[in-house]
Amino acid sequence: HSVVATWVLPVYLVIALTALWYSFEWYKDGAKWLLARPPATAAPMQKKPPRGAAPEVAAVGFDRAWSTFLHEQGSRFATAQLTLQAGAVVRVRSWAPDSTLESVRDEFRIDAASGRLITSDIYADKTFGERMLAAVLDIHRGAVLGWPGRLAFMIAAALMPLFVVTGVLLYLSRRRLRRMAQLPHGRLAPGE
């Protein structure tokens with residue numbers, strides 16, 4: 001129990017610390033404060049239309065967004081994923097041909113109606129801390145270490161029930177031994 005646990009403890013620590021990223025906002029905010037550059041000033045918010053006014057519907061054109069993406073990215077991608085978001089914004093994620101991790105990607109937000117580039121997030125421009133933040137899921141799964149890392153993390157996860165069973169058995173055996181040590185012994189009378 002304790003020998004095997006010593007070997008897999010680093011893996012469990014990595015899994016636990018990266019799982020906190022998805023569970024607690026304060027942990028995520030702290031990690032971003034520690035590892036990322038301060039965020040740029042936010043763009044001014046757009047005014048809401050008055051109540052009862054019909055919302056303006058812009059024509060959504062994926063071809064405008066795609067041509068803007070091709071202009072920005074060129075042929076430096078092997079796979080691209082286009083997602084239409086609220087407000088006629090197209091999010092385009094692209095992965096390089098040599099990318100083996102899901103987190104190693106560029107991301108663009110493009111106005112679908114006008115084809116104007118709203119934001120771009122280029123992986124090569126990120127700092128080391130920002131790359132770590134982008135790769136939290138890959139670190140959590142052990143994918144940053146390649147297939148040996150994935151295998152080690154999978155084996156460690158599969159061993160978790162073993163630790164529960166052996167831990168309970170060790171606890172019960174210690175209780176039994178403690179009870180046996182506390183059994184009352186008969187007292188001898190002087191001279192016997």
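These numbers come from a predicted model, not from an experiment.
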Got Ile122 and Phe108 here, is their nearest side-chain heavy-atom distance under 4.5 Å? yes
With heavy-atom distances below 4.5 Å as the criterion, would you say the side chains of Ile110 and Trp66 are in contact? no
Are Val11 and Val144 joined in one hydrophobic group, where the rule is that I, L, V, M, F, W and Y side chains link up if heavy atoms are under 4.5 Å apart? yes
Roughly how far, to the nearest 0.5 Å, is the CE atom of Met132 from the OG1 atom of Thr18? 10.5 Å
To the nearest 0.5 Å, what is the distance between CG (Leu70) and CZ (Arg76)? 11.0 Å
Distance-only, no hydrogens or angles: does the Arg131 side chain make a donor-acceptor pair with backbone N or O of Ala124 under 3.5 Å? yes
Test item: Thr79 side-chain N/O and Trp95 main-chain N/O as donor-acceptor pair under 3.5 Å: no
Can you tell me if Arg109 and Gln85 form a side-chain donor-acceptor pair at under 3.5 Å? yes
For a quick test of reading the model, state the closest non-hydrogen atom pair linking Ala36 to Leu133 and the distance between them. CB-CD1, 3.8 Å
Please check this pair: side chain of Arg91 against backbone of Glu107, looking for a donor-acceptor N/O pair closer than 3.5 Å. no
Test item: Tyr12 and Leu159 side chains (from C-beta on) under 4.5 Å apart, heavy atoms: yes
Transitive ILVMFWY side-chain link Leu172 to Val165, under 4.5 Å: no
Using the rule that two of Ile, Leu, Val, Met, Phe, Trp, Tyr join whenever any of their side-chain heavy atoms come within less than 4.5 Å, decide whether Leu17 and Trp26 are in one cluster. yes
Can you name the closest pair of heavy atoms from Gln73 and Ser94 and give their distance? NE2-OG, 3.2 Å
If you look at every heavy atom in Asp138 and Ser103, which pair is closest and at what distance? OD2-OG, 2.8 Å
Report whether Leu117 and Val92 are members of the same hydrophobic cluster (ILVMFWY, side-chain heavy atoms less than 4.5 Å apart, transitive linking). yes
Is Lys126 salt-bridged to Asp121, cutoff N-O under 4.0 Å? yes
Using a 4.5 Å cut-off on heavy atoms from C-beta on, say whether the side chain of His140 contacts that of Phe153. no
Can you confirm whether Arg93 sits close enough to Phe77 that some side-chain heavy atom of one is under 4.5 Å from a side-chain heavy atom of the other? no
According to a 4.5 Å side-chain heavy-atom criterion applied to Ile, Leu, Val, Met, Phe, Trp and Tyr, with indirect links allowed, do Leu20 and Leu9 form part of one hydrophobic cluster? no
Going by side-chain contact (heavy atoms from CB on, under 4.5 Å), Val90 matches just one of Thr83, Leu84, Thr68. Which one? Leu84
Shortest non-hydrogen contact from Ser114 to Asp111? OG-OD2, 3.0 Å
Evaluate the side-chain proximity of Trp21 to Leu137: yes if any heavy-atom separation is below 4.5 Å, no if none is. no
Please report the interatomic distance CZ(Phe69) to CG(Asp106), rounded to the nearest 0.5 Å. 8.0 Å
Approximate separation, where rounding is to 0.5 Å, of Ile15 CD1 and Ile139 CD1: 12.5 Å
What do you reckon, is CD of Glu102 surrounded by more than 12 foreign heavy atoms closer than 6.0 Å? no
